[in-house]
Amino acid sequence: MIGVVRVLVYYSAANGDAGSVIDAYRRVNMGMRGTAGLLSSQLLRSTLDPSEFAVLSEWTSLSEFNTWEQGSRHKGQTSALRSYRDDERGKGYGIYEVVDQF
């Protein structure tokens with residue numbers, strides 16, 4: 001779907017407790033269900049370093065994502081994961097719009 005937006009946010013279980021990142025994601029994911037514009041959310045684990053994670057969410061549009069991100073519910077909905085955020089790569093997240101696909 002052209003125009004769909006995919007957001008990647010990076011996380012790290014630097015303390016070695018990968019299970020706590022997984023549990024936090026599950027709590028966040030439950031609270032995100034039914035969010036306008038959110039199509040899907042996946043927790044990805046690095047095959048190169050099992051302490052590294054990314055959440056890949058897919059949104060109907062950049063405007064839907066921005067509305068949620070700038071809204072009052074955003075910080076509360078994602079707070080369980082915040083302490084695991086990995087900003088070592090710069091800003092710790094990326095926002096990508098699908099411009100072509102097959």
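This structure is a prediction, so every number in the text was calculated from the model and none was measured.
Residues that satisfy the side-chain contact (heavy atoms from CB on, under 4.5 Å) test with T67, not counting sequence neighbours, are absent from this structure. Residues satisfying the side-chain contact (heavy atoms from CB on, under 4.5 Å) test with E97, not counting sequence neighbours, are V5. Remark: Y93 pairs with V9, R85, K91, I95 by the side-chain contact (heavy atoms from CB on, under 4.5 Å) rule, at least two apart or across chains. Scanning for side chain to side chain donor-acceptor pair (under 3.5 Å) contacts around S63 gives S61, with sequence neighbours left out. Every residue meeting the side chain to side chain donor-acceptor pair (under 3.5 Å) condition with R82, not counting sequence neighbours, appears here in chain and number order: T78. In terms of the side chain to side chain donor-acceptor pair (under 3.5 Å) criterion, D100 has no residue partners (sequence neighbours excluded). Looking at residues two or more places apart in sequence or on another chain, you find a side-chain contact (heavy atoms from CB on, under 4.5 Å) between S46 and L48, D49, E52.
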Expected list for residues 26-41: side-chain donor-acceptor pairs under 3.5 angstrom, two or more places apart:
residue	atom	partner	partner atom	Å
T35	OG1	M32	O	2.6
S41	OG	Y25	OH	3.1

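Heavy-atom minimum distance, D87 versus G92: OD1-CA, 3.5 Å. Between A80 and A24, the closest heavy-atom pair is O-CB, 3.4 Å.
Judged by distance alone, the side chain of R45 and the main-chain N or O of P50 form a donor-acceptor pair under 3.5 Å.
Separating the CG atom in L43 from the CZ atom in F53 is a distance of 6.0 Å, to the nearest 0.5 Å. Between Y11 atom OH and Y84 atom OH the span is 11.5 Å, to the nearest 0.5 Å. Residue W68 holds its CH2 atom at 6.0 Å from CD of Q77, rounded to the nearest 0.5 Å.
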Practice item. For L44 and V55, run side chain to side chain contact (heavy atoms under 4.5 Å, CB included): C-alpha distance rounded to whole Å, both residues' side-chain angles, the deciding distance at 0.1 Å, then the answer. Key: CA-CA 6 Å; L44 309 174; V55 171; over 6 Å; no
